[in-house]
Amino acid sequence: MAFLLIFPYIFFYNRNKSVSLTLLFGFITNIFFLLEGNQNFFGFTYQITDLGIFSLIYSIIYEKLVNGAKIFEDSPTNYKILLLFFLILIIVDITIFSTSISSLLTTRRILLYILIFSYFNCFNKTELEQTLSNLISITKISYPIYFLQFIINEQIFYGNTVEHEFVLGMTRFANFPPFTLPFLFYLFFNNVYKNRFLWISISSAAILLSTSRSLVIGIALALLLYNITNLKNILKTSVILSIIALFFLASLRIIPGFQARMEDGFKEVTYVIENISSGNIESRGTFSYRMAFLIERLDYLSKDITNIMFGIGGISEQNLQRSLFDIGIIDETTGLTQQLNTGDNAWVLLFLRFGLLGSLIYIITILFQLFYNYFKLQSSLYKHIGLSYLIFLFLRSVVTSDLATMQVFFVPLLFYYLGKYTYNNLDAR
């Protein structure tokens, strides 16, 4: 079923490219959480994110052959360095680690999302603004469906963020619309948006009902840290943080168990800070588990120079023949500890898959470069939104694997190019 969405993508490309770009974000987020990630097309199993890879390759080839666009020629040198490292990584997988082709296809094909950094060069300001408008409209339409889940106590949206815990006597659903967080940052800085505080309230309610400590803390810290570097907006930020504080305090009172979750979280952070230097951390909860998970894998990688440089290789979880680690989630189907896969920490995935050297190249050429590019922009709405959201992603890298995936940069790139074209007053490619 999901495979059929490729055809409207191709149809709209170069006719209404904002629709195609909107659909690409849909591929990244399992068609806005409407479909399961794994799909079957006449016996061929694939993930919806694979459709995003296909659309990226198709679009870049189309731009190159039909429109004669300069894709890689205009790409930054840092980007090309990372691209070269990925090619070396695959060669090392084959020659040194003897990784099978099936494992490489499973673990390394997602690297093709690096093309997203060239892809955004294919859009003008008008197309990007329309894409943003499309994503916001889809988010607004999705809110009633998301809140309905709590009323009927049944899952409607897919996504891998649903947890069978209870809030107000109902199942805890954390699968809020995928553009909710960028939309909330957009609302924080857009003073003239119609019904702004109404939509801030609705978006905040969706996040608070998920009872995610890392989201609430991450948003507040991102806004605070961003405005430390931009003191001109300190008054406006104080108002925004006051609103966040009110919602946060309200959640402590209204949502049973949320206060206890926050208190447990702070105790865990304190415990980890006090014991991390010894390298001996027990799993006492979610955060300490993530840190123990990370330390065990770092210790393993540090014993071999090849692992330090390139990680553990492109071998898949299914093809790993022996257990290397004791800490991890138990796979319900096999009863064994998951060795490589995790959604809990971006740094674990970076170190395991790219090595310490590769992770350093990744951070310098992608993350730091994007931060640097943002700082070079003239002060504008999109700079404020994108940079604060990028800080948010960085802060949450210890509690989610998002930052280790190329597709997470879709939103920061969208706001960056909007800010870039606004600064240069450009509308042409």
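- The 12-atom threshold is not exceeded at CZ of Phe394, counting heavy atoms of other residues, nucleotides or ligands nearer than 6.0 Å.
- For the residue pair Val399 and Ser214, the shortest heavy atom distance occurs at CG2-CB, 3.6 Å.
- In terms of the ring-ring contact (aromatic ring centres under 6.0 Å, His included) criterion, Tyr382 has no residue partners (sequence neighbours excluded).
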Could you walk me through whether Lys194 and Trp199 pass the side-chain contact (heavy atoms from CB on, under 4.5 Å) test, one step at a time? CA-CA 9 Å; Lys194 187 177 180 180; Trp199 289 112; over 6 Å; no
When you look at Asn121 and Glu63, which way does the side-chain contact (heavy atoms from CB on, under 4.5 Å) test go after all the steps? CA-CA 10 Å; Asn121 287 321; Glu63 288 290 340; over 6 Å; no
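- Taking the side chain as every heavy atom from C-beta outward, Phe12 and Lys17 never approach each other to under 4.5 Å.
- With sequence neighbours left out, the salt bridge (Lys or Arg N to Asp or Glu O under 4.0 Å) criterion links Asp402 to no other residue.
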Checking Leu83 against Ile114 for the side-chain contact (heavy atoms from CB on, under 4.5 Å) test, could you report, in this order, the C-alpha distance in whole Å, the side-chain angles of both residues, the deciding distance, and whether it holds? CA-CA 8 Å; Leu83 192 60; Ile114 193 176; 3.8 Å; yes
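- In this structure, Ile138 and Ser142 have side chains that are in contact, with non-hydrogen atoms separated by less than 4.5 Å.
- Ring pair Phe117/Phe409: centre-to-centre distance below 6.0 Å.
- Evaluation of the salt bridge (Lys or Arg N to Asp or Glu O under 4.0 Å) rule for Arg396 yields no partner, not counting sequence neighbours.
- Residue Asn373 holds its CG atom at 9.5 Å from CG of Leu413, rounded to the nearest 0.5 Å.
- With sequence neighbours excluded, the residues forming a ring-ring contact (aromatic ring centres under 6.0 Å, His included) with Tyr300 are Phe325, listed by chain and number.
- With rounding to the nearest 0.5 angstrom, the OG1 atom of Thr107 is 11.0 Å from the CD1 atom of Ile312.
- Judged purely by atom type and a 3.5 angstrom limit, Lys383 uses its side chain to pair as donor or acceptor with the backbone of Leu377.
- For Phe410 and Phe120, the distance between ring centers is under 6.0 angstrom.
- Between Ser118 and Tyr79 there is a side-chain heavy-atom pair separated by less than 4.5 Å.
- Between the side chain of Asn134 and the backbone N or O of Thr22 there is no donor-acceptor pair closer than 3.5 Å.
- Judged by distance alone, the side chain of Asn30 and the main-chain N or O of Phe32 form no donor-acceptor pair under 3.5 Å.
- Side-chain N or O atoms of Gln149 include one that pairs as donor or acceptor with a backbone N or O of Ile156 at under 3.5 Å.
- Between Asp326 and Glu296 the shortest side-chain heavy-atom distance falls below 4.5 Å.
- Checking side-chain atoms of Ser20 against main-chain N and O of Tyr9 turns up a donor-acceptor pair under 3.5 Å.
- Here the closest non-hydrogen pair linking Phe54 and Ile10 is CE2-CD1, 4.3 Å.
- Here the side chains of Asn16 and Val19 are in contact, with some heavy-atom distance below 4.5 Å.
- Here the side chain of Gln155 pairs a donor or acceptor atom with the backbone of Phe157 at under 3.5 angstrom.
- Note that the CD1 atom of Ile53 and the CG atom of Leu112 stand 5.5 Å from one another [nearest 0.5 Å].
- Interatomic distance, OH of Tyr374 versus CD of Gln369, reported as 13.0 Å (0.5 Å rounding).
- Considering only heavy atoms from C-beta on, Phe173 stays 4.5 Å or farther from Leu209 through its side chain.
- Annotation for Leu381 and Tyr186: closest pair CD2-CE1, 4.4 Å, computed over non-hydrogen atoms.
- Distance alone, capped at 3.5 Å, is enough to place a donor-acceptor pair between the Glu127 side chain and the Asn124 backbone.
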Under the criterion side-chain contact (heavy atoms from CB on, under 4.5 Å), I'd like the reasoning laid out for Leu367 against Tyr362: C-alpha separation, chi angles, the key distance, then a yes or no. CA-CA 7 Å; Leu367 185 61; Tyr362 181 89; 5.7 Å; no
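- Ring centroids of Tyr389 and Phe185 are separated by less than 6.0 Å, placing the two rings close together.
- Ring geometry for Tyr13 against Tyr58 counts as perpendicular: the plane angle is over 60°, on a 0 to 90° scale with 30° as the lower cut.
- A donor-acceptor pair shorter than 3.5 Å cannot be found between the side chains of Asn190 and Arg196.
- Ser203 places no side-chain N or O within donor-acceptor distance of the main-chain N or O of Ile200, the cut-off being under 3.5 Å.
- For the side-chain contact (heavy atoms from CB on, under 4.5 Å) criterion with Phe392, the lone passing option out of Leu223, Leu184, Leu215 is Leu215.
- Every residue two or more places apart in sequence or in another chain that forms a side-chain contact (heavy atoms from CB on, under 4.5 Å) with Ser100 is listed here: Ser102, Ser103, Asn319.
- Judged purely by atom type and a 3.5 angstrom limit, Ser59 uses its side chain to pair as donor or acceptor with the backbone of Ser55.
- Under the 30°/60° scheme for interplanar angles, the aromatic rings of Tyr146 and Phe176 are found to stand perpendicular.
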Quick one: side chains of residues 349-359, donor-acceptor pairs under 3.5 Å with protein atoms, not counting sequence neighbours, listed by atom name and distance.
from	atom 1	to	atom 2	distance (Å)
Arg353	NH1	Gly313	O	2.9
Arg353	NH1	Ile315	O	2.7
Arg353	NH2	Ile315	O	3.1
Ser359	OG	Leu350	O	3.0
Ser359	OG	Phe351	N	3.4
Ser359	OG	Gly355	O	2.7

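- For the atom pair CZ of Phe415 and CG of Leu128, the computed distance is 11.0 Å after rounding to the nearest 0.5 Å.
- When all heavy atoms of Leu393 and Pro412 are compared, the closest pair comes out as CD1-CG, 3.9 Å.
- Side-chain atoms of Glu317 come within 3.5 Å of backbone atoms of Leu340 as a donor-acceptor pair (strictly under, hydrogens ignored).
- Between Phe25 and Thr131 there is no side-chain heavy-atom pair separated by less than 4.5 Å.
- Residues Phe183 and Tyr143 have side chains in contact (heavy-atom distance under 4.5 Å, counting atoms from C-beta outward).
- Of all the heavy atoms in Leu395 and Ala222, the pair that sits closest is CD1-N, 3.7 Å.
- Expressed to the nearest 0.5 Å, how far CG of Leu24 lies from OG1 of Thr49 amounts to 11.0 Å.
- Nearest heavy-atom pair, Ser397 versus Leu403, reported as atom, atom and distance to 0.1 Å: CB-CD2, 3.8 Å.
- At a cut-off of 3.5 Å, with distance as the only test, no side-chain donor of Asn38 or Tyr46 sits close to an acceptor on the other residue.
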